[in-house]
Amino acid sequence: MTKSSRDNLNPLKSHLLNGKRFLIGAIIIIGVLALYRYYHFLVTGFFLPDEYTYAMDAWSNQTYGYRLFFSYVTIAVFHIFGIKTVDDYASFLPIYIVFWASVTLCAFYGIMKNLGFERPAVSWSIFTSLFLVTFTLLSLGFLTEPMGLSFATLGIYFLVRWMKSSTSLASHLLLPLFAVLSFAAAMYTREPYVIYTVGMIPVAAVIAFRKRNDFFVMGSRVVPPILAILLFSVPAAFFLVWPLNLFGLIVSPTLDFVVNAMANLVPHVSSTISSTIYSTISSSSSASSVVSSTSQTTQTLSSTLASSITSSTASSSGTIVIPEVNSSAVGGGALGIFSLGLLLGWGPIPLLLTLAGLLILTYRLVKQRDGFSGIILVFCIIALGSNLLVSFILAANPYYFSSGAYSTIIRYSDSGIPAFFLAAPFAISAITKNRKGLVGLVLVLLLTVAVAVPLYPRFASSNFSLTQEVNGDPFRSEERRVGKECRSR
């Protein structure tokens with residue numbers, strides 16, 4: 001191809017590789033999948049256990065554990081839109097799916113635009129995000145994961161925009177406030193996001209002081225960063241202790257356990273993790289019920305950090321108490337669960353792209369002394385840390401070392417997805433500068449889908465229960481009648 005021919009194609013290439021078009025295309029794909037889920041529900045009456053629980057709680061005006069924001073929003077939506085029957089719920093399901101997936105993708109798009117990525121990198125990053133197994137899979141349900149991820153991603157978007165493009169004193173003060181409110185909504189939707197609220201407090205302070213020369217109040221350049229820090233840290237501290245003391249109930253006991261496990265971690269236990277945990281758990285006392293003094297409900301740790309972690313207990317005040325186990329074995333096991341969760345939950349290619357992006361950020365921080373890259377790295381560490389802390393809790397139960405727990409491990413990799421949103425575009429940006437590299441990326445992604453399709457249905461449903469299936473022609477009136485009967489159970 002001649003140089004003039006390539007020049008003539010450049011405008012067309014730029015037109016096609018428009019990030020907004022890829023964004024709209026991704027939302028349309030999610031919409032098609034949502035319609036299929038709607039159709040599937042009408043025919044089969046297939047409820048995920050958590051979907052059934054959340055719907056019944058909304059109809060009975062009850063909250064679910066510590067997930068107060070999700071519960072109150074769901075109750076309000078059900079009342080406002082008159083969702084009173086299972087058929088009403090079926091119509092609401094695709095709207096819920098498309099809305100929260102759209103919020104997440106739009107926030108991802110906004111993060112990349114504020115980070116200054118070019119059109120090809122933005123476009124192909126959005127395309128690659130659809131291959132994040134846990135994102136696409138969990139987006140198709142009436143679950144807390146889509147809402148929690150949306151608010152966590154929004155919070156990071158507000159912080160990135162504050163750091164990169166706040167040009168007025170109002171935006172300098174409002175963006176950190178919007179960020180912390182988003183993180184608070186996320187942690188009262190999914191418990192792992194409490195780590196975002198805690199971890200971002202010092203990060204917000206660093207960002208505020210990096211921008212101290214941008215604004216002046218009463219002739220002082222110290223007042224604006226102090227105000228910005230207060231607007232982030234005060235609401236963060238408030239929501240960590242109200243309406244529930246999440247710091248005392250979740251953060252403090254979990255961190256104590258993790259620190260103890262890591263302090264006693266020795267390299268050679270890795271090969272005997274499973275047997276050590278099995279023998280230790282079997283000799284320890286059986287799991288107690290989690291009793292809340294606030295008369296919430298009697299529940300196990302499954303309604304706090306993990307939906308089926310039954311080996312952990314709580315004190316009479318509702319605080320998490322993890323049973324005595326071999327802490328070194330738990331530390332090694334947690335690292336194994338964490339790694340497996342990312343591999344299965346994200347897929348190998350998105351995971352490799354994230355790791356490559358982290359290496360690029362590290363290089364920029366060390367070699368180029370780029371403080372901005374260091375802040376993005378901290379964002380990624382906090383995101384991955386939320387998943388790692390959950391892995392420590394899971395590692396206290398030998399069940400999570402079996403194949404039957406794959407679906408739970410996949411689910412809990414969801415809270416780390418913002419690390420992909422932040423790091424992977426750096427790697428994709430480098431790849432898209434080379435046509436061969438881009439073609440290779442697309443081919444490998446499509447190949448992994450071909451391999452994953454027969455595997456992931458088994459992984460994702462490894463511990464599902466309370467499901468109903470209807471076989472046969474879904475358009476026959478008899479099959480549709482049976483499907484409705486299933487939904488009424």
Side-chain angles (χ1 to χ4, degrees), residues 66-70 100 103-104 107-108 110-111 114 134-135 138 144-163 175-208 228-229 231-252 254-255 258 304-306 338 341-342 345-346 354 358 374-393 411-423:
Y66 299 160
R67 301 171 187 178
L68 299 184
F69 184 82
F70 170 81
W100 290 114
V103 171
T104 301
F108 179 30
I111 289 171
N114 278 277
T134 185
F135 169 65
L138 296 179
T144 56
E145 283 88 351
M147 184 187 292
L149 178 61
S150 293
F151 279 109
T153 309
L154 272 175
I156 291 176
Y157 162 74
F158 288 129
L159 288 181
V160 171
R161 183 174 177 182
W162 176 34
M163 182 170 53
L175 288 173
L177 177 62
F178 292 158
V180 72
L181 293 178
S182 299
F183 291 136
M187 74 178 178
Y188 279 103
T189 299
R190 293 286 299 173
E191 295 82 0
Y193 292 111
V194 70
I195 303 303
Y196 284 66
T197 306
V198 175
M200 293 298 181
I201 294 175
V203 177
V206 171
I207 295 173
I229 293 171
L231 283 170
F232 189 94
S233 60
V234 172
F238 176 77
F239 286 113
L240 282 169
V241 298
W242 187 90
L244 295 175
N245 184 9
L246 293 185
F247 188 88
L249 296 174
I250 296 177
V251 178
S252 181
T254 303
L255 289 178
V258 170
T304 58
L305 283 181
F338 171 72
L342 294 180
W346 292 14
T354 304
L358 292 174
I375 294 175
I376 298 298
L377 267 176
V378 173
F379 284 168
C380 295
I381 291 171
I382 292 172
L384 294 172
S386 67
N387 184 23
L388 179 60
L389 290 181
V390 173
S391 298
F392 273 91
I393 304 299
R411 280 185 74 173
Y412 279 95
S413 67
D414 180 75
S415 65
I417 285 179
F420 169 87
F421 292 159
L422 289 163

ask   = Is the shortest heavy-atom distance from the side chain of V390 to the side chain of F338 under 4.5 Å?
value = no
task = Any chance you could measure L384, atom CG, to L358, atom CG, to the nearest 0.5 Å?
result = 6.5 Å
task = For residues Y412 and I393, determine if any side-chain heavy atom of one lies less than 4.5 Å from a side-chain heavy atom of the other.
result = no
message = For a 4.5 angstrom cut-off between non-hydrogen side-chain atoms, does L181 reach F239?
response = yes
query = So which heavy atom on A383 is nearest to which on A419, and how close?
reply = CB-N, 3.7 Å
is_close_aromatic(F69, F151), centroid dist under 6.0 Å = yes
request  = Determine whether M163 and F379 make a side-chain contact, defined as any pair of heavy atoms from C-beta on separated by less than 4.5 Å.
outcome  = yes
request  = List in chain and number order the residues that pass ring-ring contact (aromatic ring centres under 6.0 Å, His included) with Y188, two or more places apart in sequence or in another chain; answer none if no residue qualifies.
outcome  = none
note = When every non-hydrogen atom of F158 is compared with those of S182, the smallest separation belongs to CE1-OG, 3.6 Å
key: Which atom of P235 lies closest to which atom of V180, heavy atoms considered   = CB-CG1, 3.7 Å
query = What pair of heavy atoms forms the shortest contact from A186 to A152, and how long is it?
reply = CB-N, 3.8 Å
task = Please list, chain by chain and in numerical order, all residues satisfying ring-ring contact (aromatic ring centres under 6.0 Å, His included) with F232, sequence neighbours excluded.
result = none
inquiry  = Nearest 0.5 angstrom please: I250 CD1 to E191 CD, how far?
reply    = 5.0 Å
Can you give me every donor-acceptor pair (side chain of residues 195-203, partner residue at least two apart or in another chain, under 3.5 Å) with its distance?
residue	atom	partner	partner atom	Å
Y196	OH	S415	O	2.5

query = What distance separates L249 CG from L240 CG, expressed to the nearest 0.5 Å?
reply = 11.0 Å
ask   = Considering residues at least two apart in sequence or located in another chain, which fulfil the ring-ring contact (aromatic ring centres under 6.0 Å, His included) criterion with F108?
value = F421
query = Could you give the distance from CG (L422) to CD1 (I381), rounded to the nearest 0.5 Å?
reply = 11.5 Å
message = So, taking the atom named OG1 in T134 and the one named CG in D414, what distance separates them when rounded to the nearest 0.5 Å?
response = 4.5 Å
key: Non-hydrogen atoms of A204 and W162 that approach each other most closely   = O-CH2, 3.3 Å
ask   = How about P418 and L149: do any of their side-chain heavy atoms sit closer than 4.5 Å?
value = yes
task = Report the residues that fulfil ring-ring contact (aromatic ring centres under 6.0 Å, His included) with F238, sequence neighbours left out, ordered by chain and then residue number.
result = W242
ask   = What are the two closest non-hydrogen atoms of I156 and I111, and how far apart are they?
value = CG2-CD1, 3.9 Å
request  = Report the distance from atom CG of N387 to atom CG of L342, rounding to the nearest 0.5 Å.
outcome  = 5.5 Å
inquiry  = Restricting to side chain to side chain contact (heavy atoms under 4.5 Å, CB included), what partner residues turn up for V103, sequence neighbours left out?
reply    = F99, W100, S150, L154
